[in-house]
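Structure first, commentary second.
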Amino acid sequence: MSMNIAIDGPAGAGKSTIAKRLAKKLGFIYVDTGAMYRAMAYYFLQHNIDAKDENAIAAACPDVDVTITYENGEQQVLLNGENVNGVIRNEEVGNMASSTSVYPVVRKKLVELQRQLAKSADVIMDGRDIGTCVLPDAQVKIYLTASSATRAKRRYDELTEKGVSCDLAEIEKDIIDRDYRDMHRETSPLRQAEDAVLVDSSEMNIDEVVDAIYQVYSEAR
Ligand code: C5P
């Protein structure tokens, strides 16, 4: 049976950075489920589909094919055969993903894909509903969080480093709005699974978080 590690938590808690490091350390495959919701959101944006129009979203879903491949160990998301990795990591797509991931028709498609990936290999999968819905039997479940101020500051530093000008207060507001939507939607809201270990990274650096999760994994193995 494959070993599955589920990492859930709000936007900007450092899930992908931590999961990537751990995957390398353990020789696991890293599965970024947010990228799949972003790929679908990108499709809806490209086709001018209104995020509030559930019927239009449902009608478009059969035309959207999301698949995953790996290049040098890095996850690549293919949207109808086209690699969209380079165009989904921005606030516009992130906000659209947050708005359209509320629909069961969107989630169903991606949850099936995620379960298939976890069945065939040892994976570290991050997202919002991995421990609660996608992989309820994952041997290790982590709920990784940090204060909204800490998460906003990290995002601000990341963007500033890339030369993107941005506003810290606006970033924090976006993060708070996104958390609210993710936590209050009807289908698979973001919450800590009962058997998940809580890790608050507000006062921790990356190595400390990786070590803390590695510890949980070692005990579960
Ligand atoms: O993690 P990331 O910011 O890339 O995710 C984008 C959006 O996709 C989230 O705000 C959330 O609404 C949605 N998402 C989700 N379930 C997941 C992963 C992401 O609903 N498992």
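Remember, it's 1-based here, ligands and their atoms both numbered in the order they're listed. One is the number of the first residue; the rest follow in order along the sequence.
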> Salt-bridged, R155 to D174, with N to O below 4.0 Å?
Replying inline: no
> When T67 is tested against each of L113, L78, V77, L79 for side chain to side chain contact (heavy atoms under 4.5 Å, CB included), which residue passes?
Replying inline: L78
>> Among E161, R154, K153, which residue satisfies the side chain to side chain contact (heavy atoms under 4.5 Å, CB included) criterion with D157?
In response: K153
Taking [atom] as the reference point, the nearest protein heavy atom with its distance:
atom                    : value
atom 7 (C) of ligand 1  : A97 CB, 3.8 Å
atom 8 (O) of ligand 1  : Y37 CB, 3.5 Å
atom 18 (C) of ligand 1 : T33 OG1, 3.3 Å
atom 12 (O) of ligand 1 : D182 OD1, 2.6 Å
atom 9 (C) of ligand 1  : R128 NH2, 3.3 Å

Proximal atoms of ligand 1 relative to [X] (non-hydrogen, under 4.0 Å):
X    : answer
R38  : 2 (P), 3 (O), 4 (O), 6 (C)
S101 : 11 (C), 12 (O), 13 (C), 20 (O)
R178 : 3 (O), 10 (O)

> With A97, which residues qualify under side chain to side chain contact (heavy atoms under 4.5 Å, CB included), at least two apart?
Replying inline: Y37, R38, A41
>> With the threshold set at under 4.0 angstrom, would you say R107 reaches ligand 1 through any of its heavy atoms?
In response: yes
>> Between ligand 1 and R185, can you find any atom pair, the residue atom being a heavy atom, that is separated by under 4.0 Å?
In response: yes
> Under the salt bridge (Lys or Arg N to Asp or Glu O under 4.0 Å) criterion, do R128 and D8 qualify, and how do the steps go?
Replying inline: CA-CA 5 Å; R128 304 293 188 288; D8 291 301; over 6 Å; no
>> Assess the residue pair Q139 and M1 against the criterion (side chain to side chain contact (heavy atoms under 4.5 Å, CB included)); give the C-alpha distance rounded to whole Å, side-chain angles, the decisive distance to 0.1 Å, and a yes or no.
In response: CA-CA 11 Å; Q139 293 89 339; M1 205 175 104; 3.5 Å; yes
>> How close do T33 and G127 get, counting heavy atoms only, and between which atoms?
In response: OG1-CA, 3.3 Å
> Do the side chains of L26 and I5 get nearer than 4.5 Å, heavy atoms only?
Replying inline: yes
> Taking atom 21 (N) of ligand 1 as the point of reference, which of D8, D129, V134 owns the nearest heavy atom?
Replying inline: D129
